[in-house]
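A, B, ... follow the sequence lines: proteins, then strands. Residue 1 opens every chain. These values consider heavy atoms only, across backbone and side chains, with no hydrogens, waters or symmetry-generated copies.
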Protein chains: 2
Amino acid sequence: MAIKKIGLQIKERRNVLHLQQKDLSELSGVSLRTVLQVESGYGNPSIGTLSKLADVLGLEIQLSIQTK
Amino acid sequence: MAIKKIGLQIKERRNVLHLQQKDLSELSGVSLRTVLQVESGYGNPSIGTLSKLADVLGLEIQLSIQTK
DNA sequence: GTAAATTATGCATTATACTGCACATTCGTT
DNA sequence: AACGAATGTGCAGTATAATGCATAATTTAC
């Protein structure tokens, strides 16, 4: 499922950058509560919310041809 | 902005596959109303909704390192 | 061990995505 | 032009994402 994978990517990238969830929350303007939900793969964030998180982490959302 | 770009990609891909908005709506289970909004770059779809559309179109949502 | 920091969960409220219906506009065909 | 098909808009209702607060559990540092 897309959301779980994305949540994991967010979490891993955050760790690589040595940021805490609270940092990501504050830098992105997304509540800590929602950061937690997204990273746990629980929930169904909007593109807007995901985009705010991705921006802080230097990531971008892409649509690509399915490989598989 | 991420949403406008994604909307355009959805629309272009749909055209490549010779699908109409109504087809995409029915195949994905997303209302025609929402398909219209997403394609026009207006609105802020959830990952779940975007994922349903992407699946039908053979696309996948990805997070990748920002290139720019 | 224990204290503090970090991550996680329950519940209630607010903001907003998603939808259906009706109607309007644009596009293609004759 | 005139008709039908496809795409788009306004408005209202419903579902659910996003949030804050309090509280837990977990991890980290002392």
Side-chain angles (χ1 to χ4, degrees):
Chain A
M1 192 191 240
I3 295 172
K4 290 217 179 297
K5 199 175 106 188
I6 288 173
L8 271 181
Q9 278 186 274
I10 296 274
K11 183 173 219 159
E12 284 170 11
R13 178 71 175 168
R14 177 175 60 77
N15 286 325
V16 166
L17 299 178
H18 301 295
L19 293 174
Q20 298 175 356
Q21 293 179 329
K22 195 181 175 206
D23 300 324
L24 177 53
S25 167
E26 287 170 358
L27 290 170
S28 65
V30 173
S31 74
L32 177 58
R33 193 62 208 273
T34 298
V35 170
L36 285 157
Q37 285 175 352
V38 171
E39 286 199 357
S40 69
Y42 178 73
N44 185 19
S46 67
I47 297 291
T49 295
L50 184 57
S51 196
K52 287 181 198 167
L53 299 177
D55 277 353
V56 169
L57 299 173
L59 298 173
E60 62 184 0
I61 305 169
Q62 280 190 333
L63 282 182
S64 55
I65 308 284
Q66 222 162 33
T67 64
K68 172 161 71 96
Chain B
M1 191 192 241
I3 294 171
K4 291 217 179 298
K5 200 175 106 187
I6 287 173
L8 271 181
Q9 278 185 275
I10 296 275
K11 183 172 220 161
E12 284 170 11
R13 179 71 175 168
R14 177 174 61 76
N15 286 325
V16 167
L17 299 178
H18 301 296
L19 293 175
Q20 297 176 357
Q21 293 179 328
K22 194 178 176 213
D23 300 323
L24 178 53
S25 167
E26 288 170 358
L27 291 171
S28 65
V30 173
S31 75
L32 177 57
R33 194 61 209 274
T34 299
V35 171
L36 285 157
Q37 285 175 352
V38 171
E39 286 199 356
S40 68
Y42 184 71
N44 184 20
S46 66
I47 297 290
T49 295
L50 185 58
S51 195
K52 287 181 196 167
L53 299 177
D55 277 353
V56 170
L57 299 173
L59 298 173
E60 62 183 359
I61 306 169
Q62 280 190 334
L63 282 182
S64 55
I65 307 283
Q66 222 162 33
T67 65
K68 170 164 74 91

Rounded distance (nearest 0.5 Å) linking atom CG of L19(A) with atom OG of S25(A):
11.5 Å
Integer-rounded Å distance: dA17(C) C1' and N44(A) CG:
10 Å
Rounded to whole angstroms, how far apart are CD1 on I6(B) and C1' on dA17(C)?
16 Å
Name the nucleic acid region contacted by K52(B), choosing base, sugar-phosphate or nothing; use a 4.0 angstrom heavy-atom cut-off, strictly under.
nothing
Considering just the side-chain nitrogens and oxygens of T49(B), establish if one lies under 4.0 Å of OP1 or OP2 belonging to dA17(C).
no
Rounding to a whole Å, what distance do you find between Y42(B):OH and dT9(D):C1'?
10 Å
Closest heavy-atom pair, R13(A) versus I65(B), reported as atoms and distance to 0.1 Å, is NH1-CD1, 3.5 Å
Which part of the nucleic acid, if any, lies within reach of S40(B) when heavy atoms closer than 4.0 Å are counted: base, sugar-phosphate only, or nothing?
nothing
Which distance, rounded to the nearest 0.5 Å, do you find between the CG of D23(B) and the CD of Q21(B)?
10.0 Å
Measure CD/Q20(B) against P/dG4(D) and give the value in whole Å, please.
17 Å
At less than 4.0 Å, is any side-chain N or O atom of K22(B) found next to OP1 or OP2 of dG8(D)? Yes or no.
no
I want to check one thing: is the phosphate of dA8(C), taken as OP1 and OP2, less than 4.0 Å away from some side-chain N or O of Q21(A)?
yes
Could you check whether G29(B) gets within reach of a base, just the sugar-phosphate, or nothing at all, counting any heavy atom under 4.0 Å?
sugar-phosphate
Can you check whether T34(B) has a side-chain N or O nearer than 4.0 Å to OP1 or OP2 of dC18(C)?
no
Check: N15(A) side chain, K11(A) main-chain N or O, donor-acceptor pair, under 3.5 Å:
yes
Let me know the distance between CD1 of I3(A) and P of dA18(D), rounded to the nearest Å.
10 Å
Toward the 5' end of DNA chain D, by each residue's nearest nucleotide, L36(B) or S31(A)
L36(B)
To the nearest angstrom, how far is L50(B) atom CG from dA17(D) atom P?
15 Å
Does a side-chain N or O of R33(B) approach OP1 or OP2 of dC23(C) to a distance below 4.0 Å, or not?
no
Closest to side chain of K11(B), choosing from dC21(D), dT19(C), dG8(D):
dG8(D)
Rounded to whole Å, how long is the line connecting atom CD of E39(A) with atom C1' of dT9(C)?
15 Å
Would you mind reading off the distance between H18(B) atom NE2 and dT7(D) atom P, rounded to a whole angstrom?
13 Å
Look at the side chain of Q37(B) and decide which nucleotide, out of dT19(C), dT7(D), dA18(D), has an atom nearest to it.
dT19(C)
For S46(A), does its backbone N or O pair with a side-chain atom of N44(B) as donor and acceptor, under 3.5 Å?
no
